[in-house]
Protein chains: 2
Amino acid sequence: MKIDVIKKLKEHGLKVTPQRVTILNAINEYGHANIDEIYQKAKATHYSMSLATVYKNVTSLVELNLLKELSLNSFKSKYEIVKEPHSHLVCKKCGSVEDIELSQEIEQNAAALASIKDFEAQDIEVEIYGLCRECREQGRV
Amino acid sequence: MKIDVIKKLKEHGLKVTPQRVTILNAINEYGHANIDEIYQKAKATHYSMSLATVYKNVTSLVELNLLKELSLNSFKSKYEIVKEPHSHLVCKKCGSVEDIELSQEIEQNAAALASIKDFEAQDIEVEIYGLCRECREQGRV
DNA sequence: CTGAAATTGATAATCATTATCAAAAGAATA
DNA sequence: TATTCTTTTGATAATGATTATCAATTTCAG
Ligand SMILES: [Mn+2]
Ligand SMILES: [Mn+2]
Ligand SMILES: [Zn+2]
Ligand SMILES: [Zn+2]
C-alpha cells in the first residue's frame, strides 16, 4: 500500500524533510516496526540519519495522530501509519504483528460498557497474543 | 477481594518470603499498579524492601502467570493478580485502569479470526482508552 | 536442626529515552 | 533567486529504567 507521505506531512503542518519521508516510508514498508527497525531501515536510505531524529519524529508523529503506537507485552513498542481501526495478532515468540479486522459488534459492545461506567471511550485496542504459524512450525514454543 | 497469597506462591513452587507476600498484597490492594507504586506500598510494610527485589519478583511472577502485565500507551506497565479474563478502561489523562467484562462474543470472534490466519490464539487483550469521569469533571482534557 | 538452594539488598552495569545546542535546511516572502 | 526566520537535525550528554552481580541471608526439605 503506497502512502503519500509528503501530503500527510503538509496536512499536519510539518516541514517535509528527507528524514521524515524516509522514516515514514520505512514504517510503511514494515507495516509495524519498532524504533530500532525504523532506525536501521531509514539509515540504509539516509546514511546520516540519527537515532535521536527517529525518536523525535516518531514521538511527534504519534502526537499528531499520523502514527499509532502499539504497546506490547515483552517487546518494544511498534509503530504503524494510522489507517482504519483494526486489531492485531501478536506472536509471543517472535513478536510479529499482523492486522485483523474484528467485527464492529465489539466496538459497540465496548462503547456501551464504557458509558455505563461513565467513561468517555475514545479508542479501542485489541491484541490477540499467541503463536504465529512460522513459530509453531519451527517448534519454537 | 482477599487473595491467599501464600497458597498461590506454594502452588507455583516459589518460596514464601515476606517480600513476595508483601509485593502481592500491595498489587492486590491497588488492583492495578506499576513498579513504582508496588515498591512504595511494599516498602511501607517491609522497610528493607529493595527495588531490585520488586523487579525480580514481578518479572518471575509474570512468567509463572500469577501476575499479568498490562502494557499501556504513555504509561509504565501495570500489573495485576491473574483472575478471570476481562478487559480494561484506561484513562489517557491520569492512567487509571478499571476492569470491565466484555461479552464473550469477542473472545469467540477473535479466536475464529485468528484461526483463519493460522494463528494459535492464547489470550486476548482489550483496552479501551479514553477519559475517566474524574478527569472529565476536572476539565483535564 | 542442618545444609543445599533460592532469595535478597546494595549497587554497578547496561540499555532506552530525552534534553541540549550549534549547524543545517525548509519555506515564506520580497 | 536571495533574504530571513523558524524548524529540524545530528552529535552527544544527561537522565531514567531495567538488569546483572554477588556476598549475605533466608527458606524449607530431609
Ligand atoms: Mn496494524
Ligand atoms: Mn484488571
Ligand atoms: Zn512468531
Ligand atoms: Zn482519569
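In what follows, chains carry the letters A, B, and so on, assigned in the order in which the sequence lines appear, proteins first and then strands, with residues in each chain numbered from 1.
Residue B:L24 is not grouped with residue B:L70 when hydrophobic side chains (ILVMFWY) are merged at heavy-atom distances under 4.5 angstrom, including chains of intermediate members. By the rule that hydrophobic residues join a cluster once side-chain heavy atoms approach within less than 4.5 Å of another member, A:L67 and A:V97 end up as members of separate clusters.
A straight line from CD1 of A:I23 to C1' of D:dT9 spans 10 Å, rounded to a whole angstrom. As a whole-Å value, the separation of B:M49 CE from D:dT25 C1' is 15 Å. Atom OH of B:Y39 is separated from atom C1' of D:dT18 by 14 Å (rounded to the nearest Å). Atom pair A:H12:NE2 and D:dT7:P shows a separation of 18 Å (rounding to whole Å applied). The interatomic distance linking B:K10 (NZ) with C:dT7 (C1') rounds to 17 Å, in whole Å. Here the P atom of nucleotide D:dT7 and the CG atom of A:L14 are 11 Å apart, to the nearest Å. Note: CG (A:L9) to P (D:dT9) measures 10 Å, nearest angstrom. Between A:F75 atom CZ and C:dC15 atom P there is a gap of 18 Å when expressed in whole angstrom units.
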Please list, pair by pair, any protein nitrogen or oxygen found under 3.5 Å from a nitrogen or oxygen in nucleotides 18-24 of chain C.
none

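An OP1 or OP2 oxygen of C:dT8 is reached within less than 4.0 angstrom by a side-chain nitrogen or oxygen of B:N57. Put simply, A:T17 has no side-chain N or O that comes within less than 4.0 Å of OP1 or OP2 on D:dT7. Side-chain N/O atoms of B:Q19 include none lying less than 4.0 angstrom from OP1 or OP2 on D:dT26. Contact check, A:S50 against D:dA11: no side-chain N or O comes under 4.0 Å of OP1 or OP2.
Picking from C:dA27, C:dT7, D:dA17 the nucleotide with the shortest atom distance to the side chain of B:K76 gives D:dA17. Listed nucleotides D:dT7, D:dT9, C:dG9 differ in distance to B:H46; the shortest reach to its side chain belongs to C:dG9. Which of C:dA5, D:dT6, D:dT9 sits closest to the side chain of B:K15 comes down to C:dA5.
A cation-pi contact, defined as under 6.0 Å to the ring centre and within 45° of the axis, links A:K43 to A:Y47.
Among the protein residues, B:T53 comes within range of the nucleic acid bases, having at least one heavy atom under 4.0 Å from a base atom. If you check every strand for non-hydrogen atoms under 4.0 Å, B:I35 touches nothing.
By the 6.0 Å contact criterion, NZ on B:K76 is enclosed, its count of non-hydrogen atoms from other residues, nucleotides or ligands being greater than 12.
Using a cut-off of 4.0 Å between Lys/Arg side-chain N and Asp/Glu carboxylate O, B:E125 and B:K68 are scored as salt-bridged.
At a cut-off of 3.5 Å, with distance as the only test, no side-chain donor of A:H12 or A:N65 sits close to an acceptor on the other residue.
Using a distance-only test at 3.5 Å, with no hydrogens or angles considered, a donor-acceptor pair links the side chain of B:R136 to the main chain of B:L131.
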